[in-house]
Peer 1: 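Have a look at the structure that comes next, please.
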Amino acid sequence: NYLQNNNKTIHLIGVPGTIGQAKALGNQLTRTHQAGKSPENTAVVLADERLLFPVLNSVPGQIGKFNVTMGIPFPISPVYSLLILLAENDLNSRNKAPDLQFQLSRLIKILHHDFMAVILNQQIINDLQRLTQKIISDGNPYIRVSRIRERLSGADKRTQLLVDKIVFQSPESASDAIKKYLELIRWLADQPVKGEKTSNQVVLFNQLSLAVSLLNRMQQLMDKSGEMLDIKHLLRFLKQLSPSFQMNFLGEPLEGMQVM
């Protein structure tokens, strides 16, 4: 009855692009909270499901808990885009003497992926930023694994372990790649979160669980068919199977702001 029994004021705000729209929403939610309005009386209605994760990243912390009342298709999640980048990174690697080489631009996208910024602690993020600056300064489109090891000298052990899981293993088959990606995802899922998890972090951790289910299902189907796939066909298989995976509702229907 809230909409029926209260006066309405409609503001139209023109903002180009999904990121700009999400940031504009975050600013509006901040103003609404500062005006003393309760999040329980706030609903965010998305016209495009692809706006969901930019919006989740833009919700100000003071809003507190919120409830997502829409299904979240896996292909629009940050974890899916991370998996695609990982597979493309392995697919485009070059095994040239004396060691393995990776395409610099794609590797940087992985190290600074939006998902990493939410899950990892600040020490690891700082280490990755310093590593990126060093390998960019080399001026080469491809970076050797041995050079990455040199540039990681002095970094936190957790940072070294993370980068090890990304580049120091070169899968030769789809099964090897799935094993590599599962190890990385489980490592990310085990990262400690300071304080109580935000609703956004709960969504992302649930996406990690969904990614594990997807990769395990892919392995089961490959085992059943008896086919040995390479990384190129694994990437195609991943894109074909992922739309059938979806994470449903988050939060309590009667608690906090509603996102639908």
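If you're wondering where the values come from, they're calculated on a predicted model, not measured in any experiment.
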Peer 1: Can you check side chain to side chain contact (heavy atoms under 4.5 Å, CB included) on Lys239 and Tyr80, steps first, answer last?
Peer 2: CA-CA 9 Å; Lys239 292 178 179 179; Tyr80 171 78; 3.5 Å; yes

Peer 1: Show every salt bridge (charged side-chain N to carboxylate O under 4.0 Å, His left out) that has at least one partner inside residues 162-181, sequence neighbours left out.
Peer 2: Asp90-Lys180

Peer 1: Answer yes if the side chains of Asp127 and Gln123 hold a donor-acceptor pair under 3.5 Å, and no otherwise.
Peer 2: yes

Peer 1: Just by distance, no angles: are the side chains of Gln28 and Arg31 close enough, under 3.5 Å, to form a donor-acceptor pair?
Peer 2: yes

Peer 1: Taking the side chain as every heavy atom from C-beta outward, state whether Thr132 and His112 have any atom pair closer than 4.5 Å.
Peer 2: yes

Peer 1: With sequence neighbours left out, what residues match Arg147 under salt bridge (Lys or Arg N to Asp or Glu O under 4.0 Å)?
Peer 2: Asp138, Glu150

Peer 1: Contact between Tyr181 and Leu214 at the side-chain level, heavy atoms closer than 4.5 Å - yes or no?
Peer 2: no

Peer 1: On a heavy-atom basis, which atom in Trp187 and which in Arg158 lie closest, and how many Å separate them?
Peer 2: CZ2-O, 3.6 Å

Peer 1: Should Ile143 and Gln101 count as side-chain neighbours, where that means a heavy-atom distance under 4.5 Å?
Peer 2: no

Peer 1: For a 4.5 angstrom cut-off between non-hydrogen side-chain atoms, does Met116 reach Leu111?
Peer 2: no

Peer 1: Side chains of Gln122 and Asn126: is there a donor and an acceptor less than 3.5 Å apart?
Peer 2: yes

Peer 1: Between Leu234 and Leu182, is there shared hydrophobic-cluster membership here, with clusters defined by ILVMFWY side-chain heavy atoms closer than 4.5 Å?
Peer 2: yes

Peer 1: Please determine, by modelled atom types, if Ser175 and Gln219 share a side-chain donor-acceptor pair under 3.5 angstrom.
Peer 2: yes

Peer 1: Using side-chain heavy atoms (C-beta onward) and a distance below 4.5 Å, is Ile148 in contact with Leu107?
Peer 2: yes

Peer 1: If the condition is side-chain contact (heavy atoms from CB on, under 4.5 Å), which residues does Leu91 pass it with, not counting sequence neighbours?
Peer 2: Ile231, Lys232, Leu235

Peer 1: Would you say Ser93 and Gln103 make side-chain contact, with heavy atoms under 4.5 Å?
Peer 2: no

Peer 1: In the structure I gave you, are the side-chain heavy atoms of Arg236 and Leu229 within less than 4.5 Å of one another anywhere?
Peer 2: no

